[in-house]
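The next block holds one structure in the form of structure tokens; read it before the comments.
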Amino acid sequence: MDVVKSVYDIFSERGFIEQVTDEELVKDLLARESVTCYIGFDPTATSLHIGSLVPIMALSHMQRAGHKPIALVGGGTALIGDPSGKTAMRQILTRDEIDRNAESLRMQLSRYIDFEDNKALLLNNADWLAGLNYIEFLRDVGRHFSVNRMLAAESYRIRMETGLNFIEFNYMLLQSYDFSYLCKHHDCAIQMGGNDQWGNIVAGVDLTRRLEGKRVYGITFPLLVTSQGHKMGKTEKGTVWLDPDLTTPYEYFQYWINTEDDDVERFLALFTYLPVEEIGAVTKLADSEINMAKAVLAFETTKITHGEDEAIGAWKASVGAFNLRPVSSNLFPSSSIPRHEILQDVSAITTYEKTMKEVETVSIATLLHEVELCASRGEARRLITQGGAYINGRQITSIDYKIGVDDLDENREISLRKGKKKYTRIKVV
RNA sequence: GGAGGGGUUCCCGAGUGGUUAAAGGGAGCAGACUGUAAAUCUGCCGGCGGAGCCUACGGAGGUUCAAAUCCUCCCCCCUCCA
């Protein structure tokens, strides 16, 4: 088979697809011509996080296959917010905030998608939603929606039990309108999104047919949870962001290398560009050998999000801190992960600069708190009591421990560790 | 608008005057075991220099020696009726 793979094949072999509105037609369309497709993103935060990575990678694959992705910022819906105040899920944002978030969104997405020369678009639905006239909207759009059918949608059925306000109920109409608008003005033919968007996407397909007389399609991705059933991208320190100022590349790397065994293969397919043939080798890895695959996963994902230099830095720090074994040369030949032994270089680990006085005069618990290893001094004290605090690899046995010059290494640095995995360094200046 | 039910610590959820920083579960953290995995077991799990103090049970007042628990007003959610 030397037929070029279509992006649909790529999606399907990499596990991107949960549901498709019309598999045969979508397959055919994507194999035949360059298609414009879109995914919506919430502009409620200044940074995207790991939870958005599947949609982002999907858009990226689309573009690589010669299609045209549109990243749609949901500025219009953010303008409405959720007035009940009970759920914090939709914050009301001002136009300024939305525009600012949209801009940082563009910068982040630029790592994965090329927006040059209109090869991809970043649009904001506030541009067409904000000026909508209610009467006209009801007449032109609202009349196409059957409340009975809406209530049958999975997403609403669930909310019927806990309560659903009118604004939320309207998101389906607005999102459907987005789709038909993008179809009309940008010739957009496919909407993609998490499987929770299925109802909204299908509604948009229907509306577009009625409004524009055009046939459009929808694809949903599986909602990712780890094999433990945990939500993706949450750690002790909170969300794993894509912004290096919020989550350092080292922490990002660490998040991925800590992936559970059962998720490694799936994640390699979803979050890296490595060929599926190479990824399949994961299943043959015995016992701890799978850690090599995790290293590759961590390296490749970090490289995609933060660049190769940062990925190498994070990898080196990881090697230094955890005695990571080099990845065998026969594994993942497409990966650019370094495979040689290296000198210890932990500079990618977060380092705090402090004066000798600042270090000597405070209690060790305070210090652990100050370098954000512990959320409070109380937690730090507990940690020490339970034997989970280490200084330069030595367990701290007393909460009265005081740091002195003897704790400095030749670079005037101190290594602090919480448990087995959380490292921080202090540079005494 | 009327009637009833409800808002508890990160989440779910007990608790109807003091013994409640508040049962239980989940999540999380640490220790042991390991492979920076999972499972399991053990401990911890509001803040503050430990006995003490502060903050906390939707919001604001009030009763009381003492309130998450009683009273008043307000906000929000749910159910039924309109």
Side-chain angles (χ1 to χ4, degrees), chain A residues 81-89 158-168 225-240 250-268 282-283 285-299 301-302 314-328 346 348-349 361-370 372-390 393 395-402 415-424:
Chain A
D82 177 358
S84 75
K86 189 189 169 194
T87 61
M89 59 183 256
I158 297 164
R159 303 296 264 102
M160 288 306 286
E161 285 161 31
T162 51
L164 170 75
N165 71 39
F166 191 60
I167 284 188
E168 287 176 89
V225 289
T226 69
S227 56
Q228 290 297 295
H230 297 156
K231 216 182 278 173
M232 285 282 295
K234 296 285 180 193
T235 68
E236 162 205 17
K237 289 180 98 173
T239 308
V240 181
Y250 170 75
E251 286 166 332
Y252 191 80
F253 185 98
Q254 284 301 311
Y255 175 79
W256 289 106
I257 204 167
N258 280 308
T259 296
E260 295 155 25
D261 286 10
D262 294 343
D263 292 324
V264 175
E265 187 177 7
R266 192 160 58 113
F267 286 1
L268 279 165
V282 169
T283 48
L285 295 175
D287 299 325
S288 63
E289 274 182 349
I290 195 161
N291 286 346
M292 289 186 202
K294 292 183 188 182
V296 170
L297 172 66
F299 180 82
T301 51
T302 307
W315 170 77
K316 282 181 180 170
S318 218
V319 171
F322 297 101
N323 293 316
L324 200 62
R325 274 196 292 160
V327 176
S328 317
V346 292
I349 293 176
T361 51
V362 299
S363 72
I364 187 67
T366 305
L367 206 56
L368 286 166
H369 176 219
E370 282 177 359
E372 296 178 72
L373 235 31
C374 297
S376 67
R377 302 164 69 178
E379 186 185 311
R381 243 177 280 118
R382 258 177 258 132
L383 179 74
I384 295 164
T385 310
Q386 296 182 119
Y390 301 81
Q395 192 176 54
I396 300 170
T397 49
S398 160
I399 61 168
D400 297 321
Y401 186 88
K402 285 271 191 247
S415 158
L416 291 175
R417 192 175 107 214
K418 173 189 180 185
K420 296 186 198 83
K421 299 187 208 167
K422 278 71 159 205
Y423 286 86
T424 290

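Here is how names work: the chains are called A, B, and so on, in the same order as the sequence lines, proteins then strands, and each is numbered from 1. Worth saying up front: this structure is predicted, and the values here are computed from it rather than measured.
Here B:rU36 is the nucleotide among B:rG31, B:rU36, B:rG35 with the atom lying nearest to any side-chain atom of A:L324. Candidate nucleotides B:rU36, B:rA37, B:rC29 were compared by shortest atom distance to the side chain of A:K294, and B:rA37 ranks first. For A:S318, counting side-chain heavy atoms from C-beta on, the closest listed nucleotide (B:rG31, B:rU36, B:rA37) is B:rU36. Comparing B:rU36, B:rA37, B:rA30 by their nearest atom to the side chain of A:E260 picks out B:rA37.
Taking atom C1' in both B:rA39 and B:rG47, one finds a spacing of 35 Å when rounded to whole Å. Separating the C1' atom of B:rC10 from that of B:rA27 is a span of 8 Å, rounded to the nearest Å.
Between A:Y390 and the phosphate of B:rG31, there is a side-chain N or O to OP1/OP2 separation shorter than 4.0 Å. Dashed line: the shortest gap from a side-chain N or O of A:K421 to OP1 or OP2 of B:rA37 is under 4.0 Å. When the side-chain nitrogen and oxygen atoms of A:K420 are compared with OP1 and OP2 of B:rG35, none of them lie within a distance under 4.0 Å.
Using a distance-only test at 3.5 Å, with no hydrogens or angles considered, a donor-acceptor pair links the side chain of A:Q395 to the main chain of A:G387. A:T366 places no side-chain N or O within 3.5 Å of a backbone atom of A:V362 that could act as its donor or acceptor partner. Panel note: side chain A:K294, backbone A:T259; a donor-acceptor pair is recorded below 3.5 Å.
By the 4.0 Å N-to-carboxylate-O rule, A:K422 lies too far from A:E372 to be salt-bridged with it.
Taking for each of A:G388 and A:T366 the nucleotide of RNA chain B with the nearest heavy atom, the 5'-most of the two is the partner of A:G388.
The distance from atom NE2 of A:H369 to atom P of B:rG49 is 10 Å, rounded to the nearest whole Å. Between the CD atom of A:E289 and the P atom of B:rG35 there is a distance of 13 Å, given to the nearest Å. Between A:K422 atom NZ and B:rU36 atom P the separation is 14 Å, expressed in whole Å. Taking atom OH of A:Y255 as the reference point, atom C1' of B:rU36 lies 14 Å away to the nearest angstrom.
When Watson-Crick and G-U wobble pairs are counted only if both distances are under 3.5 Å, B:rG1 pairs with B:rC81. A 3.5 Å limit on both hydrogen-bonding distances identifies B:rU42 as the Watson-Crick or G-U partner of B:rA30.
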Should A:C374 and A:R381 be marked as a side-chain contact (heavy atoms from CB on, under 4.5 Å) after you check the CA-CA gap, both sets of side-chain angles, and the distance that decides it? CA-CA 9 Å; A:C374 297; A:R381 243 177 280 118; over 6 Å; no

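The minimum heavy-atom distance between A:Q254 and A:S318, with the atom names listed, is NE2-OG, 2.8 Å.
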Could you list, one pair per line, each protein nitrogen or oxygen that sits under 3.5 Å from a nitrogen or oxygen of nucleotides 43-47 of chain B, together with the distance?
from	atom 1	to	atom 2	distance (Å)
B:rG43	N2	A:Q386	OE1	3.0
B:rG43	N2	A:Q386	NE2	3.4
B:rG43	N3	A:Q386	OE1	3.0
B:rC44	O4'	A:Q386	OE1	3.2
B:rG47	OP1	A:S376	OG	2.7
B:rG47	OP2	A:R382	NH2	2.8

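Considering only residues two or more places apart in sequence or on other chains, A:R417 meets the side-chain hydrogen bond (donor to acceptor under 3.5 Å, both in side chains) condition with none of them.
Applying the 3.5 Å distance criterion, the base of B:rG35 shares no donor-acceptor pair with the side chain of A:D287.
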